[in-house]
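Only this structure's heavy atoms are used, side chains among them; waters, hydrogens and symmetry mates stay out.
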Amino acid sequence: MNDDTTNHATDEEPTEDRTPTSRRTFIKAAGASAGALTLGASAASAQDVSTIVTELADEQVDPGETTTATVSLEDVPVGSAGANVTLEVDPDVALITEIDINNSLLELELNDEIEEAGGGVDSIMLTRIADIEESEVEIGTYHLEAQDEGETTLELDEFALTDPDSNVVREANHDAPTLTVGEPDDDPSPPSTPTDLEVVSTSESSIEVDWSADANATSYNVYLDGSLEDETSATDATLTGLDADTEYEIGVSAVGDDGDETSTTTVSATTDEEDDEPPETTTVTVDLADGEIETDETTTVDLGLSEAPDGLLGFTVDLTIDDSIVSIADADISEPFPDTSSPISYVDIEGDTVRLSAIEPLDPGTTDIEFGHVELEGEADGETDIEVEVVRLEDLDDDDIAAETQSESLRVTGEDPPETPTVTVDPADDEIDTDETTTVDLGLTEAPDGLLGFTVDLSIDDSIVAITDADISEPFPDTSSPISYVDIEGDTVRLSAIEPLDPGTTDIEFGHVELEGQANGDTDIEVEVVRLEDLDDDDIVAETESAILSVVGEPVDEAPVVPEDLEVVSTTESSIEVSWSADANAASFNVYLEGTLDSDTTTTSATITGLDDDTSYEIGVSAVDDDGEETDTATVTATTDEDDTDPGEPGDYPTWEPDVLYQQGDRVSWDGENWEAKWTNEGQEPEYDVNGTWEPLDGEIPLEDDLAELQPSSTSVSAGERLEFSVSDTSPNDAWIESLEWDFGDGTTGSGWWNDHTYDSSGTYTVTLTATDQLGRQSTDEVEITVS
């Protein structure tokens, strides 16, 4: 194994859609991965080199078994902005099937990439997107699945770190561990003489060569005219400091674990002739399609580079305008650079500035290079300078390209204030029959500053129409995702989703609501904006439309049927969740546990809690119509999970120590409680924190406040008068509410975020709301209602 400093700033061979190393190093240095690293920084000196520590949970496994490799950094400059580490394995021996990092959204995206690649890859990035406040920090964990017998070393493929001075460090020490699948080979095969040695490129003072890898070689010796010039673990080398127009013989041999060296294979190459001609100055070009436009009219600015004498690795440029005169309506990256759907290029529009950034190696001498296009829209009378600043412009040797920049002026005539965004309400029909359905489309006309997410309520008169279904539209996640949901409660349906959309996006679809005619009459279809935020988390001021739907004819009452498709969704040690098919003729459903009524609900799912572990229960569901008539009961049997937690007594485990490195699953005693490590850590004191490093073995993380509070429309009403109840979400940031159960104090119950209720007789009633979060913790809130 090697303990050398590894430099990952050179290109690697293009195999199986693998991005070249220098290209991906540039990505990480430019901060394209969720803003982890600083853009425009230069390479740091060797004294800033950190050490990558990779710890295998098992050094030997059998084919089909799994293990983990935890990656940490030591000797990290405190205050660094972020780090990326990519390790590579031999896919014939093992595959990476999952990763764990400190950013849940990015972790989800990267694991989706693994899933889309067939469930296993040979290399993928681990990234830490957070300020580094200690010199030792964990980056993440690889989950490895053994394939065929053999050995694979977890080699360092790429590394990038942004230090406190915004320098990008691309070097790191790494002692690569070896995973053995099957019985280890105590007698490794000796390496062979390197094959496929060839010249990759030449310049006036350098020659680059590469050769085929040998799994049995620990390193390679590189010779120049018979003298040892370099030793490396890579399969390429660049020899520098050579004379121009001179022929050299380059030789390469392989070295095994025991230090034995093979014979040398050679190749001849001649350096380039000297070019006495001074190079022309490279220019970042700004080409404006129109010098004058009217307000609300658009024009395009083309950005590019006149030439790249030493090639181009990538670019980052900022275009700035006076946003009181024009606005940046859109921007894109030009070919041959990757489009903005790729993580290695991006467009970032922020107020009066747009940043274009991309990485794609171009050959030396390439001319008339197009970076991209920026669309500008006139806002008000005046003139604005269009100026460009080079943030990053590098050649194939990672050296900065000195370039001049052009500028242009744009004149805007006329003045038209921008239109206010509108939440649109578009019913497919203005009139329907009873029992006939129609669809209402909800959306937003435009999002000038982008859109982070929305929550809107659509309300109708449920004596005229009923809300029978609703869904979220693309590009927002569907309702199987926890970041979007549809909640139908009586005369109101709430649609909510989160999905960032670019500034200037228009004709945005939120979703669709299906309405069914119930009785003759007209109903207003009204929308209320609960939450509408731009990409800066600021509220979007928007108008709202409304519509009127007429229902004609008389409804045909049909009795509900016995609930269909009753099935067990999930079980825990103390709960069972079931679901069933919807029935348009059912007003509600009764849920039974062992033949006794447990709850009633208007939804098509229920969770029965407070059960014993490892116990079989019969759950039944019946449908109830508007007249209170109940169908027969459909049943299903389910068994709660076994309680496999053995917390022990406080003190049964070693006392937690701040300087001990704990692995996932390790148990300690601390502060009168037994704790279990959720992942590898050191110095992380056990404490009550849902997102923390430790979790208690016995008991639950306590709640400091209620998860939810009752909000009645009044606390004093007359008998027969309708009361409206809503819920205020007071749950902490690390929790979310999974169920809300109501007891109205007069023998009736309910669930969900909204309810209305009528008391038939006078008296004082206590309404109780029980909220349950994702950890099964519960809180109750009560309010007294006086009925006269």
Side-chain angles (χ1 to χ4, degrees), residues 423 442 453-463 465-467 470 472 479 482-498 510-511 513 523-533 539 544 546 587-588 599-607 703 705-718 720-733 735-759 764-774 777-787:
V423 176
L442 300 181
F454 69 88
T455 301
V456 294
D457 289 349
L458 180 146
S459 299
I460 46 81
D461 182 344
D462 58 2
S463 68
V465 295
I467 301 168
I472 303 291
T479 54
I483 61 175
S484 74
Y485 65 90
V486 168
D487 189 6
I488 300 173
E489 289 288 340
D491 62 355
T492 302
V493 56
R494 173 166 290 184
L495 278 66
S496 183
I498 300 172
F510 287 167
V513 178
T523 177
D524 291 328
I525 303 173
E526 298 180 339
V527 172
E528 178 185 356
V529 174
V530 179
R531 180 179 60 87
L532 194 62
E533 296 180 359
D539 290 338
T544 57
S546 64
S588 63
S599 64
D600 62 85
T601 178
T602 58
T603 67
T604 57
S605 65
T607 300
L703 285 168
D705 298 301
D706 288 342
L707 293 169
E709 294 179 356
L710 278 167
Q711 301 288 336
S713 58
S714 176
T715 58
S716 178
V717 295
S718 300
E721 183 180 350
R722 177 186 173 192
L723 265 176
E724 293 181 352
F725 294 89
S726 61
V727 176
S728 176
D729 186 346
T730 58
S731 60
N733 291 334
W736 61 85
I737 296 172
E738 287 200 335
S739 69
L740 293 164
E741 301 298 328
W742 302 67
D743 186 342
F744 293 99
D746 61 351
T748 59
T749 60
S751 63
W753 292 86
W754 297 274
N755 271 290
D756 53 51
H757 191 67
T758 301
Y759 291 94
T764 300
Y765 301 87
T766 300
V767 181
T768 304
L769 174 70
T770 301
T772 305
D773 70 5
Q774 83 279 13
R777 300 176 297 182
Q778 291 186 337
S779 70
T780 59
D781 187 33
E782 296 181 348
V783 63
E784 284 192 354
I785 304 297
T786 302
V787 181

side-chain hydrogen bond (donor to acceptor under 3.5 Å, both in side chains) between Thr601 and Thr603: does it pass, once the steps are laid out?
CA-CA 5 Å; Thr601 178; Thr603 67; 2.8 Å; yes
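- For Tyr765 and Phe744, the ring centers sit 6.0 Å or farther from each other.
- Taking every heavy atom of both residues into account, Val530 and Asp457 meet most closely at CG2-OD2, 3.6 Å.
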Please step through side-chain contact (heavy atoms from CB on, under 4.5 Å) for the pair Val456 and Leu442, ending with a clear verdict.
CA-CA 9 Å; Val456 294; Leu442 300 181; 4.2 Å; yes
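- In terms of heavy atoms, Ser779 sits closest to Leu707 at OG-N, 2.8 Å.
- Using a distance-only test at 3.5 Å, with no hydrogens or angles considered, a donor-acceptor pair links the side chain of Asp461 to the main chain of Ser463.
- Between atom CD1 of residue Ile467 and atom CD1 of residue Ile460 there is a gap of 4.5 Å, rounded to the nearest 0.5 Å.
- Asp729 CG to Glu709 CD: the interatomic distance, rounded to the nearest 0.5 Å, is 10.0 Å.
- Of all non-hydrogen atoms in Glu489 and Trp754, the two that sit nearest each other are OE1-O, 3.1 Å.
- To the nearest 0.5 angstrom, Trp753 atom CH2 is 10.5 Å from Ser726 atom OG.
- We find the CG-CD distance between Asp756 and Glu724 to be 6.5 Å, quoted to the nearest 0.5 Å.
- Scanning both residues, Ser714 and Leu723, for their nearest heavy atoms gives O-CD2, 3.2 Å.
- Formation of a donor-acceptor pair under 3.5 Å by the Thr766 side chain with backbone atoms of Gly745 is not found in this model.
- Between Gln778 and Thr772, the side chains place a donor N or O and an acceptor N or O closer than 3.5 Å (distance only, hydrogens not considered).
- With a 4.5 Å cut-off on side-chain heavy atoms, Val529 and Val423 count as touching.
- Using a distance-only test at 3.5 Å, with no hydrogens or angles considered, no donor-acceptor pair links the side chain of Ser484 to the main chain of Ala497.
- One distance of note links CG of Asp743 with OG1 of Thr748; it measures 7.5 Å at 0.5 Å rounding.
- Pairing each heavy atom of Thr715 with each of Pro712, the nearest pair is CG2-CG, 4.0 Å.
- Using modelled atom types and a 3.5 Å distance limit, the side chains of Ser731 and Asp773 yield no donor-acceptor pair.
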Given Ile472 and Leu495, is the side-chain contact (heavy atoms from CB on, under 4.5 Å) satisfied, shown in steps?
CA-CA 7 Å; Ile472 303 291; Leu495 278 66; 3.9 Å; yes
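- The heavy-atom pair separating Leu740 from Ala771 by the smallest distance is CD2-CB, 3.6 Å.
- Between the CD atom of Glu721 and the OG1 atom of Thr758 there is a distance of 8.5 Å, given to the nearest 0.5 Å.
- A side-chain donor-acceptor contact under 3.5 Å links Thr492 and Ser459.
- For the side chain to side chain contact (heavy atoms under 4.5 Å, CB included) with Val727, the lone residue among Asn755, Leu769, Asp781 that qualifies is Leu769.
- Put simply, the side chain of Asp539 reaches to within 4.5 Å of the side chain of Glu533, judged on heavy atoms.
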Go through the steps for Phe725 and Val767 under the test side-chain contact (heavy atoms from CB on, under 4.5 Å), then give the verdict.
CA-CA 10 Å; Phe725 294 89; Val767 181; 4.1 Å; yes
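- Taking the six-membered ring for Trp and thresholds of 30 and 60 degrees, Phe510 and Phe454 have nearly parallel ring planes, at less than 30 degrees apart.
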